[in-house]
Each structure stands twice: as structure tokens, then as C-alpha cells.
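Here the structure comes first, spelled out in C-alpha cells, and everything after it is commentary.
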Amino acid sequence: MSKKLTLGLFGFGVVGQGLYDIIKTKKLNLEIKRFAIKNPDKKRTLPLDLFTTNADDILDDPEINTIVELIDDAEAAFNIVSKALKTGKNVVSANKKMIANHLQELVDLQHEYGTSLLYEGAVCGSIPIIRNLEEYYDNELLHSVSGIFNGSSNYILSKIFNEYIDYDTALKQAQHLGFAETDPTLDVGGFDAKFKLAIVASHAYGLYVKPEEILNIGIDKLNDYDVRFAREKNYKIKLIPTAKEIGNEKVILYVIPKFVTAKSILYAVENEYNGVVVQAAFADQQFFYGKGAGGHPTGSAVLSDIAALRYDYRYEYKKHIAATQLIHSNDHNITVYLRYNNEGLVEKLNFLKVSERYYARDFKYIIGDINLESLIEYKDILNADNSFVVEIA
Ligand code: HSE
């Protein structure tokens, strides 16, 4: 029997509105009783008495048994979600930053209070990757999980590569379409993809890894020379988060732009679409494709979690409980193209092997092998130099 859900919804932005549009069209055994919003002056499409600016109006309402958290302030979201879990309310959230930053505490709260927190909408919008990692791949050995996890960056790269639109115009479009975060640095700097990767790693490998321990290099330093370099070699550039198990002992996690050829399954993933490639020991390669951003696609994932709560679904975090010997490590070499300005930077970076160098007045690059730890150590210097780094497969 499904349980009747009485919902309190925090946030009525792109995803909140998207979710509401979907719920309206359905006959589900649920009702949204109250909406908590930040800005009471904004024009709303629903009667004003449904809205409140006081979180406790919802959190202290005994009739509300389920919280849907869709705000973009990660710390405020954590306070709301932890209070809800402690007071016996189940929660659905799409807040990747909040979940990635507090995952272990949130899992502990669920165990302690017997409540459930679901967050399919936090990772790759409409693609059901978390529940698949949790249930379907429960007993599979996963060699790697990688893909395109950020719709805004992918939208920008698609516009640049396919339509010759410049970076700033493409970013504005991604913002206008509601794909980008309020602070778009989170998207183009690879932070959003990193939060999602940390969550994926947890469900794939049973590891809690703090986002600050994971390298993220974004697309924000891309310039015309990089695009020309890629085009001349028939590459596209995609922003790729990777989680990879090495030798049954360590898991490598990083987010970096990557040159992809037409042979890659990710080559044709364009605009706000995301793709997740799972490389498993027995199932071999599997690919999930779908819209990664936008109100309705993300709203559909949120609704699926809400619907699952009617049957008391919860993540069991079995891979954490199984306590594998896996550890997170950044000791891993990758081959990169580095376009740089300041010669001194290259000396610092400790390239292990250099296969190509090019110097012109405005365009210098080096191709070689480098350890992820070096890239982490010198990330600020790379940023200050406006360097752009791309992995070469
Ligand atoms: N800003 C995010 C993206 C929204 O572009 O993918 C979906 O998480």
C-alpha cells in the first residue's frame, strides 16, 4: 500500500516550478501543503497563503511528513534537511553541493533517526544513476563511472563547437534557460560536476570523499586557440568527471576537460544533455543518456524520489557497510595538453614525460604526463596564469 504524502516544498525556482507542473498533471496520493520561499515580493503563480518565508512553519507542522528541498543555498539546505531527518520527516533533495559536502553526516542521521533522504535529482538531472548504482550494480565490480555531469558546461561547449557562438553568449543562454547555477562559476569551474562525482563515488565504491580533496578543472579558461587546436584534430572538448578503480585498492576521482574523438560515446552528447558511462566487470560498458538540467527533467527525477517514498524506499549504502579496502587517492598520472602563458609555470608542474611543445607569441602549449597531485598543488597558479588544461585519452 502506498502511503499518503503531505509535502512541504522549500524553493520555488526552476526545479520547484518544474516539479509543480508535473505533479499538477498527475493523480498521485500526495499533496503539497506549503511552499517556503526566500523572496516574498516575487510574483507567484499560486495563492499567496500557500507560501511562507519561515522554514519552521513547515518543519514544525506535524501534518507534513515529507520535505522536498530545492533551494540553492547549501548551508541553509543542510540545516533544513538535518532538522527534517531528525524530526521523522523523509526528505527529497536536489542539492548536490549540500549532499556532497555533508554526505557522511546525512547518512548517519538517516540511520540514527530511521528516516530517508533521496537525491536522484542532484546528479545528472533526469538520469536515474543513483538508484542504479545503489540497486542494479549492487554486486558488480565497477571499473569506472564517468561521463558528462554538468548541463551548462556541455551546453556552452556545444554552442562553441557546433554553432561558433562565443563563450560569453553561450553562458548567458545557459543562464537564461535556467540550466546554470546562481553562481555559474560552480558550473564552468567544474565544481558542480565534482559534487556530483563525489556522490556517485559514494554509491559506486562506498567511499566518502570530501569535494575539496578532488581535482576540478573547468572550462572557464578555454580560449580560441584551444578550440582551434581541437578542431584541427577533429576533437571536441567535453567536461568529464571520472571515478576509476585501480588495482582493487584505490579509487581515483577528478574532473577535467577532455578531448574526445567521434569514437567516444560522449562525442554526440550535446547541449544540456548528460551521459553516464559505466564500465563494469561483467555487464561491460553501459551508457545512460538524458537531460541533465532544466526544470522538467530534474523535476521528473525529484518526483520519482517522492513517489518512491510512498513505499518507504531508502538507500541502504550497502557498499559503505561492506567496508572494502578501497581508498581514495590522487596519485595517478594522466596525459594533458596545457596551454599556458608563463614559462615558469611549466617548470614548477613536474611533467613526468613531455611528448610535444609549441611556442608562438600568443600561443604556447605542452603535451605530457603529469600526476593529479601536481595539478592539485598548482591549481591556483594555473588559474592565475589563465592556463587551460585538457586531458588526452
Ligand atoms: N547547473 C546544473 C547543470 C544544473 O548545469 O548541470 C543541474 O544539476
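Starting from 1, each residue takes its place in the sequence as its number. Ligands are counted one by one from 1 in listed order, and the atoms in each one are counted from 1 as well. Reckoned from all heavy atoms, side chains included, excluding hydrogens, waters and symmetry mates.
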Logged contact type for Glu272 with ligand 1, heavy-atom cut-off 4.0 Å, is neither

Evaluate salt bridge (Lys or Arg N to Asp or Glu O under 4.0 Å) for Lys4 paired with Glu31, printing each intermediate quantity in order.
-> CA-CA 8 Å; Lys4 171 158 199 269; Glu31 165 210 8; 3.4 Å; yes

Aromatic ring centroids of Phe388 and Tyr365 under 6.0 Å?
-> no

Provide the number and element of each atom of ligand 1 under 4.0 Å from a heavy atom of Lys196.
-> 2 (C), 3 (C), 6 (O), 7 (C), 8 (O)

When the ring centroid of Tyr205 is compared with that of His320, is the distance short of 6.0 Å?
-> no

Give the residue and atom name of whichever protein heavy atom lies nearest to atom 8 (O) of ligand 1, and the separation in Å to one decimal.
-> Lys96 NZ, 2.6 Å

Got the closest protein heavy atom to atom 5 (O) of ligand 1, with its distance?
-> Ser152 OG, 2.7 Å

Could you tell me whether Glu181 and Lys96 have a side-chain N and a carboxylate O separated by less than 4.0 Å?
-> yes

Would you call Pro211 and Phe191 a side-chain contact if the rule is heavy atoms closer than 4.5 Å?
-> no

Within the 6.0 Å centroid threshold, strictly below: Tyr208 and His328 = no

Who gets closest to atom 7 (C) of ligand 1 by heavy atom: Gly292, Gly125, Gly151?
-> Gly292

Should the proximity of Asp187 to ligand 1, defined as any heavy atom under 4.0 Å, be assigned to the side chain, the backbone, both, or neither?
-> side chain

Between Phe179 and ligand 1, does any nitrogen or oxygen pair lie at a separation below 3.5 Å?
-> yes

Would you check the N or O atoms of Glu181, main chain and side chain alike, for any that come under 3.5 Å of an N or O of ligand 1?
-> yes

